[in-house]
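Since the structure is predicted, the reported quantities are computational estimates derived from the model, not experimental observations. Proteins come first, then strands; the chains are lettered A, B, ... in the order of their sequence lines, and each starts at number 1.
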Protein chains: 2
Amino acid sequence: MEAKAILQQHIAKTAVLTEEEFDYFYSHFKPLSFKKGQTIISAGDKVNCEYFVISGCLKAFFINDEIKMYILQFAMPTWWASDYTALYNQTEATINVDCISDAEVLCLSNEDREKLCKEFHQVEHFFRWRTNKGYIASQKRLLSFMNNNVKVRYEELLALYPQLYNLVPKHLIAAYLGVSRETLSRLYNS
Amino acid sequence: MEAKAILQQHIAKTAVLTEEEFDYFYSHFKPLSFKKGQTIISAGDKVNCEYFVISGCLKAFFINDEIKMYILQFAMPTWWASDYTALYNQTEATINVDCISDAEVLCLSNEDREKLCKEFHQVEHFFRWRTNKGYIASQKRLLSFMNNNVKVRYEELLALYPQLYNLVPKHLIAAYLGVSRETLSRLYNS
DNA sequence: AAAAGAATGTGATGTAGGTCACGTAACCAA
DNA sequence: TTGGTTACGTGACCTACATCACATTCTTTT
């Protein structure tokens, strides 16, 4: 399936748009292809867009002073990714986004999103719903962080996204769970 | 200032409503008063409403099997609180909400929110913006959890909400930070 | 096919924070 | 005012996970 149809199906779950309206909506998205390892957003950048994943897998991550990486999100097909703090506040990126595998994405600028939200009530509805989903997921992850040890969190993650196990190197899973790769390695070899 | 004016001012920052529209909007909110210690949502409840705080302070928290409490959110005036997972998925509450001090709130049902979002594009806009704020804050807290030790998180929290220091007992601050009260106590006595 | 670079496994040792136990002070409620 | 509950402090000890160091794959690149 091509990009347009994937986006259309994704949107149709929450918003009702005519073919014409969707065509217009879609015309604001810019298709981009990236190779494995390529960077989409670097800390320090001006952030203008958010990215809808068509194929492949991205990661959104933070690097601290001691050069340790923490992964905020893996973005698989039909997921969205960006540095939303930077995007909404028009500040410099503190979050990086790059490609775990070759990836195709659709890029939507902040201004275009806001414009489309204003023009179509249904588009605004869609984005409210999407953010809501994200918010709920984020709260759940936070709770799991406070409440569960690494082992439980690891099992939770694999139960939720079994694809990750083969797709993503273990040290990135560790970076998502917020533990050292050594600890994770010991964990599942027992 | 009374409840209506507080809500109006809060909404006006992101949504444009005429006086009449706002009156209609406001008519869907039910004012409620609670005493310190009273419960608003208990785990297991059916959750129908979200709550906008006019005065006082609420906490939204989770209790695990070992009867340990983790606080997801303190809700101060002009903040919203509920068990959003339960509210949106129409499932039983897993999160509790209760009153840290006497509190006045405005209660809005899930159906009314959705109805108002449908009727007024501007209301939908407001709720998108609100959830967005929440999402960004939640991501930030998650990152701080992974990246910072308790001491830094404690200082971060007090810098962000200095009122909490006097308003909220220390063991609740500990429950928000996800540490034992003993550790927190040792921390700020050094 | 060789060389270089990632990714992973595993031991030894360090440490932040948890748990348990007990004491004191503050705050209600009758 | 007295007894009970809640908040807070502090010592002794324990544990999950981090860090460092080095060995062993597995993957690219040339």
Side-chain angles (χ1 to χ4, degrees), chain A residues 34-39 56-57 59 61-71 74 96 98-102 142-158 164-190, chain B residues 35-39 57 59 61-71 74 96 98-102 142-158 164-190:
Chain A
F34 293 99
K35 288 279 160 203
K36 177 176 176 175
Q38 264 194 289
T39 297
C57 183
K59 66 176 193 282
F61 60 103
F62 175 77
I63 306 267
N64 76 0
D65 308 335
E66 294 104 44
I67 325 197
K68 265 173 60 173
M69 174 177 67
Y70 296 101
I71 294 182
F74 294 113
N96 310 270
D98 71 11
C99 301
I100 293 179
S101 64
D102 291 0
L142 189 64
L143 208 51
S144 181
F145 234 97
M146 295 203 271
N147 192 29
N148 301 132
N149 63 19
V150 183
K151 182 158 198 176
V152 174
R153 268 158 36 222
Y154 177 63
E155 282 156 5
E156 235 173 44
L157 179 65
L158 288 192
L164 284 182
Y165 189 82
N166 298 311
L167 192 60
V168 170
K170 303 279 175 284
H171 74 274
L172 293 185
I173 305 250
Y176 181 92
L177 295 174
V179 286
S180 69
R181 54 169 204 84
E182 293 95 330
T183 297
L184 185 63
S185 166
R186 285 178 180 110
L187 211 100
Y188 58 67
N189 295 329
S190 65
Chain B
K35 288 280 160 201
K36 177 176 175 175
Q38 264 193 290
T39 297
C57 182
K59 66 176 192 282
F61 60 104
F62 174 78
I63 306 268
N64 76 0
D65 308 335
E66 294 104 46
I67 325 197
K68 266 172 60 173
M69 174 178 69
Y70 296 101
I71 294 181
F74 294 113
N96 310 269
D98 71 11
C99 301
I100 293 179
S101 64
D102 291 359
L142 189 63
L143 207 52
S144 181
F145 234 95
M146 297 203 271
N147 192 28
N148 300 131
N149 62 19
V150 183
K151 181 157 198 176
V152 174
R153 268 156 38 223
Y154 177 65
E155 281 157 6
E156 237 173 44
L157 178 65
L158 288 191
L164 284 182
Y165 189 83
N166 297 311
L167 192 60
V168 170
K170 302 279 176 285
H171 73 275
L172 293 185
I173 305 250
Y176 180 93
L177 295 174
V179 286
S180 68
R181 55 168 204 84
E182 292 95 329
T183 297
L184 185 63
S185 166
R186 287 181 178 108
L187 210 101
Y188 57 67
N189 294 329
S190 64

Test item: [X] side-chain N/O and [Y] main-chain N/O as donor-acceptor pair under 3.5 Å:
X      : Y      : value
B/N189 : B/S185 : yes
A/N149 : A/V152 : yes
B/S144 : B/R153 : no

Give the intermediate values and the outcome of side chain to side chain contact (heavy atoms under 4.5 Å, CB included) for residues A/M146 and B/F145. CA-CA 9 Å; A/M146 295 203 271; B/F145 234 95; 3.3 Å; yes
Report yes if the side chains of A/D98 and A/F61 come closer than 4.5 Å at any heavy-atom pair, otherwise no. yes
If you define the side chain from C-beta out and look only at heavy atoms, does anything of A/I63 sit under 4.5 Å from A/K68? no
For residues [X] and [Y], report the shortest heavy-atom separation together with the two atoms involved.
X      : Y      : value
B/C57  : B/F74  : SG-CB, 4.5 Å
A/L164 : A/L157 : CD1-CD1, 3.9 Å
B/A174 : B/L184 : N-CD2, 3.6 Å

Rounding to 0.5 Å, atoms OG (A/S190) and NZ (A/K151) come to a distance of 5.0 Å
Between A/K170 and A/Y165, does a side chain to side chain contact (heavy atoms under 4.5 Å, CB included) hold up when you go through it step by step? CA-CA 8 Å; A/K170 303 279 175 284; A/Y165 189 82; 4.0 Å; yes
Between B/Y154 and B/V179, does the side chain to side chain contact (heavy atoms under 4.5 Å, CB included) criterion hold? Intermediate values first, please. CA-CA 10 Å; B/Y154 177 65; B/V179 286; over 6 Å; no
Can you list, by residue number, the residues of residues 165-175 of chain B that have a non-hydrogen atom closer than 4.0 angstrom to DNA chain D? B/P169, B/K170, B/H171
Sequence neighbours left out, what passes side-chain hydrogen bond (donor to acceptor under 3.5 Å, both in side chains) with B/N96? Give chain and number order. none
How bent is the helix from C/dA1-D/dT30 to C/dA30-D/dT1, measuring the angle between the end axes built from five pairs each, rounded to 10°? 60°
Can you build the contact string for nucleotides 11-30 of chain C? Use B for base contact, S for sugar-phosphate-only contact, and - for no protein heavy atom under 4.0 Å. BB----SBBBB---------
Is there any protein nitrogen or oxygen under 3.5 Å from a nitrogen or oxygen in nucleotides 3-5 of chain C, and what are the pairs?
none

Can you list the steps and then say if A/N64 with A/M69 is a side chain to side chain contact (heavy atoms under 4.5 Å, CB included)? CA-CA 7 Å; A/N64 76 0; A/M69 174 177 67; over 6 Å; no
Chain B contact limits on DNA chain D, taken 5' to 3' with a cut-off of 4.0 angstrom to heavy atoms: D/dA7 to D/dA12
Lys/Arg N to Asp/Glu carboxylate O, A/D102 vs A/K36, below 4.0 Å: no
